[in-house]
Protein chains: 2
Amino acid sequence: MPHPDAADLVLTDVLFALSDPARLELACRLTEGPLEVAACHPVGGEIPKSTLSHHLKTLREAGVVRNEPYGRQRRVSLRRDDLESRFPGLLAAVLSPALVEASPPR
Amino acid sequence: MPHPDAADLVLTDVLFALSDPARLELACRLTEGPLEVAACHPVGGEIPKSTLSHHLKTLREAGVVRNEPYGRQRRVSLRRDDLESRFPGLLAAVLSPALVEASPPR
DNA sequence: CGAACTGTTCAACTATTATCGAACCATGAG
DNA sequence: CTCATGGTTCGATAATAGTTGAACAGTTCG
């Protein structure tokens, strides 16, 4: 399961990966810490395993997340440091408004 | 020709609009100042007018650029302030690496 | 007005991406 | 080893996005 090197991250690929609401929301939750794949379903409800896996692939191939074996499961984590070194400030700028959108002011 | 209000900008739409190399590069050049549409062709060479217009539409509908009449032409400008107020730091984080990619270190 | 100039919109086609069931693979438990 | 569990990959289909020529619209200039 290939992951791009930190130095090879492509900005447009990262932006594209994060331009989907479900993927952005997941990236947001991953700031809290790694999650098993089963915990990566969108908040609203379950989606088919294959669909989820596809989104994870998009994020992984863009270099946004790492996906590694963990016991009999797999653990998904945000590549914070790699992203920060290649695109400083990007993650913070993208995820902080996403957090606000997730819990709109009332 | 509709432009979304600053308050209505949607993060995923902005990210998507900037996830295309030609559009990202244009946004980058727009930091230098407004451009007429004719000057918005990608650096490599000319593209059909309709294709360019379509990319401008994507950027405009996402709220990244403003497109207003200017004499017999149209002037395209970056919506810096609106983007900054809605998504602080995003533009800087996205466009500064884009500048680097445009002129790779030798 | 009418022609030239700049761009946008339309419509058709192509290409990429999303979705999802089914088949498949790896790991750990019994 | 065998089975159940947790995920990925495959293949087909649907949906969305990109590309383009041609038609159309607004502005200026003669």
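Naming convention: chains lettered A, B, ... in sequence-line order (proteins, then strands); numbering from 1 in each chain.
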Under 4.0 angstrom, heavy atoms only, what part of the nucleic acid is [X] near: base, sugar-phosphate, or nothing?
X	value
B:Arg75	nothing
B:His55	sugar-phosphate
B:Phe16	sugar-phosphate

Distance, rounded to the nearest Å, where [X] contributes [atom1] and [N] contributes [atom2]:
X	N	atom1	atom2	result
A:Glu36	D:dT5	CD	P	17 Å
A:Glu68	D:dG7	CD	C1'	15 Å
A:Ile47	C:dT19	CD1	P	7 Å
A:Leu24	C:dA18	CG	P	14 Å
A:Lys57	C:dT17	NZ	C1'	12 Å
A:Tyr70	D:dG7	OH	P	12 Å
A:Glu61	C:dA18	CD	C1'	14 Å
A:Glu46	C:dC20	CD	C1'	15 Å

Do the side chains of B:Leu24 and B:Leu95 get nearer than 4.5 Å, heavy atoms only?
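A side-chain contact under 4.5 Å exists here.
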
From C-beta outward on [X], which listed nucleotide comes closest to its side chain: [options]?
X	options	result
B:Thr58	D:dT8, D:dG18, D:dT5	D:dG18
A:Arg72	D:dT27, C:dT27, D:dG18	C:dT27
A:Ser53	D:dT27, D:dT8, C:dG7	D:dT8
B:Pro48	C:dT6, C:dT8, D:dT20	D:dT20
A:Lys49	D:dG18, C:dT19, D:dT8	D:dT8
A:Arg74	D:dT8, D:dG18, C:dA18	D:dT8
B:Arg60	C:dT9, C:dC20, C:dT17	C:dT9
A:Met1	D:dG7, D:dT9, D:dA4	D:dT9
B:Val37	D:dG6, C:dG7, C:dT19	C:dG7

Presence of donor-acceptor pair under 3.5 Å, side chain of A:Ser50 and base of C:dG21:
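Yes.
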
Need to verify one output field. Residue with the more 5' nearest nucleotide on DNA chain C, B:Leu52 or A:Arg23?
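Looking at DNA chain C, the more 5' nearest nucleotide goes with B:Leu52.
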
May I ask you to verify if any side-chain N or O of A:Asn67 is less than 4.0 angstrom from the OP1 or OP2 atom of D:dT8?
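So the side-chain polar atoms of A:Asn67 do come within 4.0 Å of the phosphate oxygens OP1 or OP2 of D:dT8, strictly under.
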
Between D:dT20 and B:Thr51, is there an OP1 or OP2 to side-chain N/O distance shorter than 4.0 Å?
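Yes, because at least one side-chain N or O of B:Thr51 sits under 4.0 Å from OP1 or OP2 of D:dT20.
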
Please walk me through it: do B:Arg74 and B:Asn67 pass side chain to side chain donor-acceptor pair (under 3.5 Å)?
CA-CA 7 Å; B:Arg74 279 182 163 269; B:Asn67 183 337; 3.1 Å; yes

Identify the heavy atoms of B:Leu15 and B:Leu90 that sit nearest to each other, and give their distance.
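Nearest heavy atoms, B:Leu15 then B:Leu90: CD2-CD1, 4.4 Å.
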
Is it true that B:Leu35 and B:Val37 fall in one hydrophobic cluster, defined by side-chain heavy atoms closer than 4.5 Å?
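Looking at the clustering, B:Val37 is in the same group as B:Leu35.
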
Hey, any chance A:Ile47 and A:Leu30 share a hydrophobic cluster, counting ILVMFWY side chains that come within less than 4.5 Å of each other, even indirectly?
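Yes: a chain of side-chain contacts under 4.5 Å links A:Ile47 to A:Leu30.
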
Are B:Arg66 and B:Asp82 close enough for a salt bridge, meaning some N to O gap below 4.0 Å?
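Result for this pair is yes, salt bridge flagged.
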
